[in-house]
Protein chains: 2
Amino acid sequence: MAGSVGDKYYDVFLKYRLWLSTTNDKGILGDGRFALLNEIDITGSLKSAAEKTNISYRKAWGSIKEAEEQLGFKLVEKQRGGKDGGNSRLSPEGKQLLEAYTELKEDFDQSVKKITKKFFNKINK
Amino acid sequence: MAGSVGDKYYDVFLKYRLWLSTTNDKGILGDGRFALLNEIDITGSLKSAAEKTNISYRKAWGSIKEAEEQLGFKLVEKQRGGKDGGNSRLSPEGKQLLEAYTELKEDFDQSVKKITKKFFNKINK
DNA sequence: TTGCAATATGTTTTTTCAAACATAACGGGT
DNA sequence: ACCCGTTATGTTTGAAAAAACATATTGCAA
């Protein structure tokens, strides 16, 4: 989206980030973990989810672990060994959190869209 | 703010950041530069503004410069030398951008407040 | 009982980004 | 001509985050 200030013209976008955080400012769920949980839900595998979201398995695993430690409950139920080597799926709480966050994001996007419109109308004289 | 997912209880906050960015993803104006510009407007000095916002002069100066390079116009008109050593004040465009962003922030905060309320109502069943 | 694929973790290296440090230039006032 | 406070900028150091690397463990199935 483009805008102008006075007679000066430029290309700018309104961007935002949103995330859930603990009292002590440790991130719980933002875009990164959201994508990860989402893919786990779809693929049933932490490894696949990591690949899909373009992060290393090591990072994905650590990321989930961190969040769980902060929350005090499991987001993902994982099993290792077995015919497929193992698998991962969202815990009920993980699933609910994912869903709640999904809606939250939608609400946010909608609001931002409105505000953006208003903002650029204003800025463009 | 507290919430629960299923029967699991935890303390979480909804956090967010908002900023203006160019097409190539270079930040133009977020909370940091906003505070800086604001203080420049008040104090008439980049040095004072840096102190007030708790960043080094070096950083403040570089931050303004970066934004200006991206935008292609000056946000701050600066003079050096003279009886007071020099001074800085917002350009007309800088002033207008500051004002527009102020309103933007207000709108955004308002929306977030509503969304937050809804979110935590939902999460707490 | 061996192989396989995925989960589980510790360790090391690289990258990135911020903070600190150092120094120059400017121009009015004394 | 020099002093002072502020703007202007290059350089170096340090710390934190991310990526890369290395290995172990598990349990089904052949």
Side-chain angles (χ1 to χ4, degrees), chain A residues 17 19 21-22 24-37 39-70 73-91 94, chain B residues 15 17 19 21 24-28 30-70 73-91 94:
Chain A
R17 259 180 44 112
W19 69 98
S21 176
T22 57
N24 48 321
D25 248 335
K26 302 275 187 173
I28 291 295
L29 183 60
D31 285 344
R33 287 198 181 95
F34 173 73
L36 198 55
L37 291 179
E39 285 301 328
I40 290 173
D41 199 32
I42 293 168
T43 64
S45 155
L46 180 50
K47 183 164 189 282
S48 302
E51 279 161 8
K52 278 282 182 63
T53 57
N54 297 311
I55 61 174
S56 69
Y57 173 85
R58 182 67 180 79
K59 184 173 176 180
W61 176 85
S63 175
I64 296 289
K65 192 188 176 196
E66 257 183 85
E68 289 178 336
E69 278 168 2
Q70 288 299 320
F73 58 85
K74 286 243 175 292
L75 292 170
V76 180
E77 283 159 4
K78 289 167 281 181
Q79 290 193 326
R80 62 177 173 178
K83 65 178 187 305
D84 300 323
N87 63 80
S88 299
R89 64 172 82 182
L90 299 187
S91 69
Chain B
K15 301 216 169 186
R17 264 180 39 122
W19 71 98
S21 176
N24 48 322
D25 247 336
K26 302 273 186 174
I28 292 294
D31 285 345
R33 287 198 181 95
F34 174 73
L36 199 54
L37 290 180
N38 218 26
E39 286 299 329
I40 290 173
D41 198 32
I42 294 168
T43 64
S45 155
L46 180 50
K47 185 165 187 284
S48 302
E51 280 162 6
K52 276 282 181 64
T53 57
N54 297 310
I55 61 174
S56 68
Y57 173 83
R58 181 67 180 78
K59 184 173 178 180
W61 176 84
S63 175
I64 297 289
K65 192 188 176 197
E66 257 182 84
E68 290 178 337
E69 278 168 1
Q70 288 300 319
F73 58 84
K74 286 244 177 290
L75 291 171
V76 180
E77 282 159 4
K78 288 167 282 180
Q79 290 192 326
R80 64 177 174 180
K83 66 179 185 306
D84 299 323
N87 63 80
S88 301
R89 62 192 145 96
L90 298 187
S91 70

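All of these numbers come straight from a predicted model, not from anything done at the bench. These numbers come from the heavy atoms of this one structure, side chains and all, not from hydrogens, waters or symmetry mates.
- Salt bridge A:Lys74/A:Glu68: present, at least one basic N to carboxylate O contact under 4.0 Å.
- In this model, the phosphate group of C:dT7 is approached by a side-chain N or O of A:Ser45 to a distance below 4.0 Å at OP1 or OP2.
- In this entry the distance linking CG of A:Asn87 with P of D:dT25 reads 21 Å, nearest Å.
- Taking only side-chain nitrogens and oxygens, B:Trp61 comes nearer than 4.0 Å to OP1 or OP2 of D:dA8.
- As a whole-Å value, the separation of B:Asp84 CG from C:dT30 P is 11 Å.
- The phosphate of C:dC4 (OP1 or OP2) has no side-chain N or O of A:Lys83 nearer than 4.0 angstrom.
- The phosphate of D:dT6 (OP1 or OP2) has no side-chain N or O of B:Lys78 nearer than 4.0 angstrom.
- At whole-Å resolution of the value, CD1 in B:Ile64 and C1' in D:dT6 are 15 Å apart.
- Side-chain contact between B:Glu66 and B:Gln70: absent, with no pair of heavy atoms (C-beta onward) separated by less than 4.5 Å.
- In terms of phosphate contacts, B:Ser88 brings a side-chain nitrogen or oxygen within less than 4.0 Å of OP1 or OP2 of D:dT7.
- At whole-Å resolution of the value, CD in A:Gln79 and C1' in D:dC28 are 12 Å apart.
- Nearer the 5' end of DNA chain D, as judged by each residue's closest nucleotide, is the contact made by B:Gly81, out of B:Gly62 and B:Gly81.
- Protein atom NZ of A:Lys59 is 14 Å distant from nucleotide atom C1' of C:dT14, rounded to whole Å.
- Side-chain contact check for B:Ile64 versus B:Ile40: some heavy-atom pair is nearer than 4.5 Å.
- Between A:Lys65 and C:dA8, a side-chain N or O to OP1/OP2 separation shorter than 4.0 Å is absent.
- On a pure distance criterion of 3.5 Å, a polar donor-acceptor pair joins the side chain of B:Arg58 and the base of D:dG10.
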Does A:Ile28 form a side-chain contact (heavy atoms from CB on, under 4.5 Å) with A:Trp19? I'd like the steps, not just the answer. CA-CA 7 Å; A:Ile28 291 295; A:Trp19 69 98; over 6 Å; no
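- In this structure, A:Tyr57 atom OH and D:dT23 atom P are separated by 18 Å, rounded to whole Å.
- Following rounding to the nearest Å, B:Leu36 (CG) and D:dT7 (C1') show an atom-to-atom distance of 14 Å.
- Two residues, A:Gly85 and A:Ile55, neighbour DNA chain D, and the one matched to the more 5' nucleotide by heavy-atom proximity is A:Ile55.
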